[in-house]
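In this chain, numbering begins with 1 at the start of the sequence shown.
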Amino acid sequence: FSAGATSESSVGVLRSSDDSALVILARDGDYLAFEELIKRYRNDVFGLAYHYVRHREDAWDISQEVFIKVHRAIGSFRGEASFKTWLLRITANRCKDFFKKRRLKTVSIDEPDYTRQHAGSIATPEESMASSEIGAQIHEAMDGLSEKHRLAFVLRELEGMSYERMSQVMGCSLGTVMSRLHHARKKLQDRLRAMGVTEDR
């Protein structure tokens with residue numbers, strides 16, 4: 001990539017450009033156009049990776065690997081899906097590769113990032129502990145899901161994606177998406193019930 005392909009005075013123009021225009025520029029070696037794409041979606045990539053692996057440093061590593069891969073592969077992006085969907089699909093695949101190579105670490109309820117995310121803005125020590133323990137139990141139950149079912153659950157319940165976007169990111173039909181999500185929810189409920197977190201109704 002050529003850092004001089006676009007002058008600093010063009011940064012404002014890049015920020016107002018849509019993704020497809022930036023992709024075209026990035027394919028031609030425009031470093032600032034590629035950098036703008038990274039800025040737009042780095043939080044989405046990190047968020048998906050963190051929800052999946054639940055470890056901050058690992059999520060950062062995955063994010064870096066994703067953008068390196070995107071940098072190398074952007075010339076092959078043909079726009080069949082949106083750039084964001086293509087990017088998240090690469091992220092999801094990298095997370096699955098990570099899952100295959102390593103057993104996920106159990107998140108400590110004392111980990112600062114975890115506590116900030118799950119504790120309320122104002123809570124007693126007892127409430128904070130209960131919230132953290134339940135959150136840890138949910139994540140422990142999620143560890144029992146297969147990669148494809150875990151991904152479906154993360155994309156829908158944690159990322160809030162539509163079924164259509166999930167289908168594109170996961171590379172499968174809407175019916176398969178719904179089937180995997182249904183299976184993930186049911187298995188998670190069964191595991192939480194067995195752990196005593198929820199009760200039979």
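Atom CD of Glu147 is separated from atom CG of Leu145 by 11.0 Å, given to the nearest 0.5 angstrom. Distance check, rounded to the nearest 0.5 Å: CG of Leu87 to CG of Asp19 gives 9.5 Å. The line from OH of Tyr41 to CG of Leu48 is 14.5 Å long, rounded to the nearest 0.5 Å. Here Tyr163 contributes atom OH and Arg156 contributes atom CZ; the two are 4.0 Å apart, rounded to the nearest 0.5 Å. Distance SG/Cys95 to NE2/His51: 11.5 Å, rounded to 0.5 Å. For the atom pair CE (Met166) and CG (Leu174), the distance works out to 9.5 Å, reported to the nearest 0.5 Å.
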For His55 and Glu57: C-alpha separation, side-chain torsions, deciding distance, then whether side chain to side chain contact (heavy atoms under 4.5 Å, CB included) applies. CA-CA 6 Å; His55 187 271; Glu57 293 303 318; 3.7 Å; yes
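Both cation-pi conditions hold for Arg150 and Tyr52: the charged atom is under 6.0 angstrom from the six-membered ring centre and inside a 45 degree cone around its axis. With Phe153 as the aromatic partner, Arg185 does not meet the cation-pi criteria of under 6.0 angstrom to the ring centre and within 45 degrees of the ring axis.
Pairing each heavy atom of Ala152 with each of Met170, the nearest pair is CB-CE, 3.9 Å. Contact record, Phe46 with Ser63: CA-OG, 3.4 Å, taken as the closest heavy-atom pair. Pairing each heavy atom of Ala33 with each of Ala26, the nearest pair is CB-N, 4.0 Å.
For the salt bridge (Lys or Arg N to Asp or Glu O under 4.0 Å) test, no residue two or more places apart in sequence or in another chain qualifies with Lys148. For Arg165, the side-chain hydrogen bond (donor to acceptor under 3.5 Å, both in side chains) criterion is met by Thr85, not counting sequence neighbours.
Side-chain contact between Leu25 and Leu14 is present, with at least one heavy-atom pair separated by less than 4.5 Å. The closest side-chain heavy-atom distance from Leu32 to Glu35 is below 4.5 Å. A 4.5 Å side-chain heavy-atom check between Asp61 and Phe98 finds every atom pair outside the cut-off.
Here the side chain of Arg180 pairs no donor or acceptor atom with the backbone of His149 at under 3.5 angstrom. Under a 3.5 Å cut-off, the side chain of Arg89 and the backbone N or O of Gln168 do form a donor-acceptor pair.
One hydrophobic cluster, built from ILVMFWY side chains closer than 4.5 Å, holds both Leu158 and Leu151. Residues Ile24 and Ile74 do not share a hydrophobic cluster, clusters being chains of Ile/Leu/Val/Met/Phe/Trp/Tyr side chains in contact below 4.5 Å.
Using a 3.5 Å distance cut-off with no hydrogens or angles, the side chains of Ser179 and His182 do not pair a donor with an acceptor. Between the side chains of Thr176 and Ser173, at least one donor N or O lies within less than 3.5 Å of an accepting N or O.
The residues Asp143 and Arg54 are annotated as salt-bridged, a charged nitrogen and a carboxylate oxygen being separated by less than 4.0 angstrom. Ion pairing between a basic and an acidic side chain is recognised when a charged N comes within 4.0 Å of a carboxylate O; Asp190 and Lys187 show no such pairing. Using a 4.0 Å cut-off between a side-chain N of Lys or Arg and a carboxylate O of Asp or Glu, Glu65 and Arg94 qualify as a salt bridge. Of the charged side-chain nitrogens involved, at least one lies within less than 4.0 Å of a carboxylate oxygen, so that Glu36 and Arg40 count as a salt-bridged pair. Comment: Lys84 engages Asp44 in a salt bridge, judged by a side-chain N to carboxylate O separation of less than 4.0 angstrom.
A side-chain contact (heavy atoms from CB on, under 4.5 Å) with Phe83 is found for exactly one of Val70, Leu88, Leu22, Asp18, namely Val70.
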